[in-house]
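Count residues from 1 along the sequence. Just so you know, these numbers come straight off a predicted model, no measurement behind them.
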Amino acid sequence: MPDELLSGWLSRLAASNHCEVADLLNHIGIDGKYAAALDHDIDMLAADRISAAARIDPAFVQSMTFAAMPEAEMRLTAQVPFQACPNCADGGLELRHWRRAWAFDCQMCGDRLLPKADRQKGAAVSEKLIERARHGAAVLERVAMSGSARQLRRSMRAVTFAMGLKALRGDPFFALQRPKPNIRLFCLAAIASGQSRPLVKAALCSVDIDVYARIALLRAYEKEPRLLAIVDQIAQRMRLRADVSAISSHI
């Protein structure tokens, strides 16, 4: 199938031959323990053996894997499946773009991709959050394809801030691949929000700040103290204007 991932194709090939993937690979001289790793790291010998057994071109085998990628794209590509299309995943089908952190809708049928554990019906999520997250996913794809380190930092800063508001720790790249839909959607929506005046929006969140939001700010800007200082200055001006407005209303 177009865009099919090697591990998924091998699973379907093994099923059609009434055996397990590990047995199929062992039969053609490849250690079956490394079946999942072939998606990211396949050598020419393994590709040649698979192509000979399946009677296809070795280059076609290589095209079903994630070839050498820039670091940002690699970190935004999941090592293991975390989402799938509820319509297209029957029969063991695995498509390459499902592994991308920015993938949101299935390129084959157009339906929204859902977490692997919940792909039958999907968790109840507001449509507004879904649309914001879809926009954030499109932004993330553009950032990944552009290779812009500055734009990637801005996106990951927004994700880090979102994680802090949700009291989460860990790698922001992994947060975009979390199987819990609300976390992933919230982080993608934060990327969308962070594209327009991100410092002002961070300041808006900190005007009536609580401890979690403050920790989120500190984590998001911990390597950029100048930006954190600007956020604080904007927030102080907002508080001052709010106080002046409150006094005027009483007069």
Tell me, yes or no, whether the heavy-atom count around Arg100 atom CZ, taken from other residues, nucleotides or ligands under 6.0 Å, exceeds 12. yes
Under 3.5 Å, side chain of Gln83 to main-chain N/O of Ala103, donor-acceptor pair present? yes
Could you grab the distance from atom CZ of Arg157 to atom CG of Leu152, nearest 0.5 Å is fine? 10.5 Å
Set out, in order, the CA-CA distance, both residues' side-chain angles and the distance that settles side-chain contact (heavy atoms from CB on, under 4.5 Å) for Thr65 and Leu38, then state yes or no. CA-CA 7 Å; Thr65 67; Leu38 295 176; 5.9 Å; no
Residue pair Val21 / Ala35: nearest heavy atoms and the distance that separates them: CG1-CB, 3.9 Å
What about Leu13 and Leu5, same hydrophobic cluster or not, with Ile/Leu/Val/Met/Phe/Trp/Tyr joined at side-chain heavy-atom distances under 4.5 Å? no
Please tell me if the side chains of Ile191 and Val143 come closer than 4.5 Å, counting only heavy atoms from C-beta onward. no
For the hydrophobic clusters of this structure (ILVMFWY residues joined by side-chain heavy atoms under 4.5 Å, transitively), does one cluster hold both Leu10 and Met1? no
Test log, rule side-chain contact (heavy atoms from CB on, under 4.5 Å), inputs His40 and Thr77: CA-CA 10 Å; His40 293 268; Thr77 301; 4.0 Å; yes
Return yes if some donor-acceptor pair links the side-chain N/O of Arg49 with the main-chain N/O of Gly29 below 3.5 Å, else return no. yes
Can Arg12 and Glu94 be counted as an ion pair, charged N to O under 4.0 angstrom? no
Quick check against the 3.5 Å criterion: does Asp57 have a side-chain atom that pairs as donor or acceptor with the backbone of Ala59? yes
Is there a path of hydrophobic side-chain contacts, each under 4.5 Å between heavy atoms, that joins Leu45 and Val61? no
Using a cut-off of 6.0 Å, state whether more than 12 heavy atoms not belonging to Glu131 lie near its atom CD. yes
Between Arg134 and Arg112, does the side-chain contact (heavy atoms from CB on, under 4.5 Å) criterion hold? Intermediate values first, please. CA-CA 9 Å; Arg134 180 177 280 113; Arg112 182 165 69 92; 4.2 Å; yes
Between Leu76 and Trp102 the two heavy atoms that sit nearest each other are CB-CZ3, 3.9 Å
Can you tell me how far the CE atom of Met108 sits from the CG atom of Asp3, to the nearest 0.5 Å? 7.5 Å
When rounded to the nearest 0.5 angstrom, what is the spacing between CD1 in Ile28 and CG in Asp23? 11.5 Å
Spatial distance of atom CD1 (Ile50) from atom CD1 (Ile30) [nearest 0.5 Å]: 4.0 Å
Closest approach of Leu114 to Pro86 (non-hydrogen atoms, all atoms of both residues): CD1-CG, 4.0 Å
Heavy-atom nearest pair, Arg184 first then Ala101, reads NH1-O, 2.7 Å
If we only count heavy atoms from C-beta on, is the Trp98 to Cys85 side-chain gap below 4.5 Å? yes
Would a hydrophobic clustering, with Ile, Leu, Val, Met, Phe, Trp and Tyr connected at side-chain separations under 4.5 Å, put Phe66 with Leu95? no
Do Phe104 and Met156 belong together in a cluster built from hydrophobic side chains that touch within less than 4.5 Å? yes
Can you tell me how far apart OG (Ser51) and CE (Met44) are? Round to the nearest 0.5 Å. 8.0 Å
Side chains of Met145 and Glu73: closer than 4.5 Å at any heavy-atom pair? yes
Exercise: identify the closest heavy-atom pair between Met163 and Gly170: CE-O, 3.5 Å
Main-chain N/O of Phe60 paired with Ser63 side-chain donor or acceptor, under 3.5 Å: yes
Could you grab the distance from atom CG of Asp31 to atom CG of Asn26, nearest 0.5 Å is fine? 6.0 Å
side-chain contact (heavy atoms from CB on, under 4.5 Å) for Gln79 and Arg99? Distances and angles first, verdict last. CA-CA 8 Å; Gln79 295 287 321; Arg99 294 281 188 95; 5.6 Å; no
Which heavy atom of Asp39 sits nearest to which heavy atom of Ser7, and what is that distance? OD2-OG, 2.7 Å
